[in-house]
Amino acid sequence: MANFAKPSAPRFSVEVYQNEFLPEGGRDVHAIVTVTSTGGAAATRAAAAHGSAAVVIMVDCSGSMEYPPDKMRGAREATAAAIDTLRDGTAFAVIAGTHVAKEVYPGQGRLAVADPATRAQAKEALRSLSSGGGTAIGTWLRLADGLLRQSSAAIRHGILLTDGRNEHEDPAVLRATLDACAGRFTCDARGVGTDWEVKEVTGIASALLGSADIVADPAHLTEDFTRMMENVMGKEVADVALRLWTPVGVEIQYVKQVAPTVQDLSDRRTEAGPRAGDYPTGSWGDESREYHVCVRVPAASVGQEMLAARATLLLPGAPGEPPATLAQGLVRAVWTDDLAASTAINPQVAHYTGQAELAQAIQQGLEARKLGDVDGATAKLGRAVQLASASGNADTAKLLAKVVDVVDAAAGTVRLKAKVADADEMTLETRSIQTVRVKKT
């Protein structure tokens with residue numbers, strides 16, 4: 001493990017957990033790469049004076065937000081609370097989203113700079129928010145992108161709230177918008193109520209490296225928006241990339257973030273020179289994340305060993321300058337005839353492989369349930385209950401218990417509930433990718 005961060009910046013470290021031993025002819029190497037950023041609080045305070053963050057809040061104002069009225073009221077109150085959470089010096093704007101996107105504050109294609117006066121003006125402007133019209137989320141994101149591109153802030157972030165499906169826009173338009181915005185800003189997405197599409201909201205968050213969640217009761221929007229904005233204000237470093245270099249003959253099978261959520265980054269690779277590729281990780285505060293890297297090495301005989309991959313965290317440099325190396329870790333392969341060594345599964349690898357399977361089992365089980373496939377849904381959700389129990393994922397186990405009756409958690413024996421509240425099913429689906437950390441022994 002190596003750490004290259006400057007003393008004044010948040011300090012990054014990389015730790016690699018793996019079983020490097022392979023049997024003769026073995027080819028697949030699995031490793032969990034743990035990335036930790038610490039000591040950034042002082043950097044955050046120093047950066048605040050330089051306006052290091054820009055945030056755009058996108059509020060759904062379509063006609064359905066008035067049914068019931070507490071959705072629109074909750075959205076106004078939550079947005080006001082988020083504005084109150086902004087640090088002085090943060091650039092910000094508020095957008096009202098329907099089948100078109102309209103600037104609510106400050107207007108005229110600008111970003112405001114947070115201080116007591118602009119926060120008060122913005123909250124006053126929220127009074128004008130009213131519901132009416134359709135839903136075209138791509139237009140909201142394109143306006144947010146245009147506003148955020150004006151800012152030189154390191155942290156560029158969006159918060160998006162919707163209560164319905166993206167019915168007034170071709171799905172291809174939203175996909176193209178997300179592709180265009182990826183790498184320019186990150187975005188947290190929230191669905192309020194139960195009439196929105198989980199895959200749309202989670203897809204937005206996934207594409208823009210943010211979080212997704214359900215707020216079934218509008219009364220909880222203020223708490224959620226405050227927490228989201230506090231998280232954004234805690235970010236210190238943006239656009240961090242995980243670069244994987246591999247020797248000749250080594251192929252990367254996949255790269256997945258596995259904690260705190262499951263996020264497949266394999267198709268997000270951008271080439272970075274001979275045998276190297278960069279995977280985006282977004283913005284960082286004081287936190288830790290884990291990535292599952294699987295590489296395929298050439299077959300070798302007993303006694304041989306090789307560097308299978310080098311994982312490096314990089315921060316983009318100024319124009320014309322190379323990126324700065326923040327931390328680095330190595331993935332190794334050693335061939336052995338010791339059966340016990342070559343068949344042992346590293347605890348971290350085993351745990352996060354199970355967490356990824358848990359997320360997949362929930363999603364497949366819920367999809368089978370929607371299609372009326374009782375046997376398939378029972379099998380998949382039973383496996384999910386089993387995995388949640390074995391890994392100690394108590395939060396997911398509680399959500400599963402609202403969808404199935406658990407007969408034997410350890411064996412994965414369940415029965416589908418005859419009636420399930422929409423909010424419970426949507427909460428389970430939305431939060432299926434949330435994982436728990438490996439148990440420390």
Side-chain angles (χ1 to χ4, degrees), residues 5 9-10 12-14 31-37 40 52-55 141 144-145 148-149 151 153-160 174-189 202-212 231-232 234-246 252-273 275-285 287-295 309-319 321-329 352 356 433 435:
F12 281 83
S13 63
V14 168
I32 298 298
V33 178
T34 299
V35 178
T36 304
S37 170
S52 64
V55 185
L141 291 166
D145 182 37
L148 288 168
R149 275 193 284 173
S151 174
I155 307 298
R156 298 172 304 281
H157 193 80
I159 289 177
L160 185 150
L174 178 57
R175 286 195 298 271
T177 300
L178 291 171
D179 288 343
C181 293
R184 293 211 282 252
F185 67 96
T186 53
C187 185
D188 294 321
T202 56
I204 291 165
S206 175
L208 302 181
L209 299 176
S211 67
N231 184 53
V232 177
K235 299 295 185 182
E236 302 114 20
V237 178
D239 304 324
V240 175
L242 175 64
R243 177 170 295 179
L244 291 180
W245 175 89
T246 52
I252 294 177
Q253 299 301 292
Y254 57 79
V255 180
K256 299 177 182 178
Q257 178 183 288
V258 289
T261 59
V262 178
Q263 168 86 282
D264 195 337
L265 300 176
S266 303
D267 62 356
R268 308 287 289 273
R269 175 186 173 103
T270 56
E271 296 304 317
R275 302 188 303 281
D278 290 350
Y279 299 84
T281 69
S283 303
W284 288 74
E287 59 189 295
S288 181
R289 303 180 202 168
E290 319 230 26
Y291 300 86
H292 186 168
V293 175
C294 176
V295 299
R310 181 170 62 236
T312 307
L313 273 190
L314 296 172
L315 185 65
E321 295 184 3
T325 298
L326 299 172
Q328 194 174 93
Y352 289 116
I433 62 170
T435 59

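Formation of a donor-acceptor pair under 3.5 Å by the Ser211 side chain with backbone atoms of Asp188 is not found in this model. Panel note: side chain Arg310, backbone Trp245; no donor-acceptor pair is recorded below 3.5 Å. A donor-acceptor pair under 3.5 Å is absent between the side-chain atoms of Thr325 and the main chain of Ala327, judged by distance alone.
The two residues Ala238 and Ala154 come nearest to each other via the heavy atoms CB-O, 2.9 Å. When all heavy atoms of Ser151 and Ala153 are compared, the closest pair comes out as OG-N, 3.0 Å. Closest approach of Ser288 to Pro260, counting heavy atoms only: O-CD, 4.3 Å. Ala259 and Thr435 make their closest contact through CA-OG1, 3.4 Å (heavy atoms, listed as atom of the first residue, atom of the second, distance). Nearest heavy atoms, Leu148 versus Val55: CD2-N, 4.1 Å. Looking at every heavy atom in both residues, Thr281 comes nearest to Val240 through OG1-O, 2.7 Å.
With 3.5 Å as the limit, one finds a donor-acceptor pair spanning the side chains of Arg269 and Tyr279. Side-chain contact check for Glu287 and Ser37: no donor-acceptor pair (N or O, by modelled atom type) lies under 3.5 Å.
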Go through it in stages, so that I can follow the logic: the residues are Thr246 and Ile252, the test is side-chain contact (heavy atoms from CB on, under 4.5 Å), and I'd like the CA-CA distance, side-chain angles, deciding distance and then a yes or no. CA-CA 8 Å; Thr246 52; Ile252 294 177; 3.9 Å; yes

Going through the distances and angles, do Leu141 and Leu160 end up as a side-chain contact (heavy atoms from CB on, under 4.5 Å)? CA-CA 9 Å; Leu141 291 166; Leu160 185 150; 3.8 Å; yes

Let me see the working for Leu314 and Leu326 under side-chain contact (heavy atoms from CB on, under 4.5 Å), right down to the final yes or no. CA-CA 6 Å; Leu314 296 172; Leu326 299 172; over 6 Å; no

Does the pair Val35 and Phe12 meet the rule for a side-chain contact (heavy atoms from CB on, under 4.5 Å), with working shown? CA-CA 7 Å; Val35 178; Phe12 281 83; 4.0 Å; yes

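Annotation: the span from Ser283 atom OG to Arg156 atom CZ amounts to 8.0 Å, rounded to 0.5 Å. Rounding to the nearest 0.5 Å places CZ of Arg268 at 13.0 Å from CG of Leu242. Here the CH2 atom belonging to Trp284 is positioned 12.5 Å from the CD1 atom belonging to Ile155, to the nearest 0.5 angstrom. Note: Asp264 CG to Tyr254 OH = 9.5 Å, rounded to the nearest 0.5 Å. We find the OG1-NE2 distance between Thr186 and His157 to be 4.5 Å, quoted to the nearest 0.5 Å. How far CD1 of Ile433 is from CD of Gln263: 6.5 Å, rounded to the nearest 0.5 Å.
A 4.5 Å side-chain heavy-atom check between Val255 and Leu244 finds at least one atom pair inside the cut-off. No side-chain heavy atom of Gln328 sits less than 4.5 Å from a side-chain heavy atom of Val14.
Contacts of Tyr291 classified as side-chain hydrogen bond (donor to acceptor under 3.5 Å, both in side chains), with partners at least two apart in sequence or in another chain: none. The side-chain hydrogen bond (donor to acceptor under 3.5 Å, both in side chains) check on Arg243 picks up Asp278, with sequence neighbours excluded. By the side-chain hydrogen bond (donor to acceptor under 3.5 Å, both in side chains) test, Arg184 is found to be paired with Asp145, residues two or more places apart in sequence or in another chain being considered.
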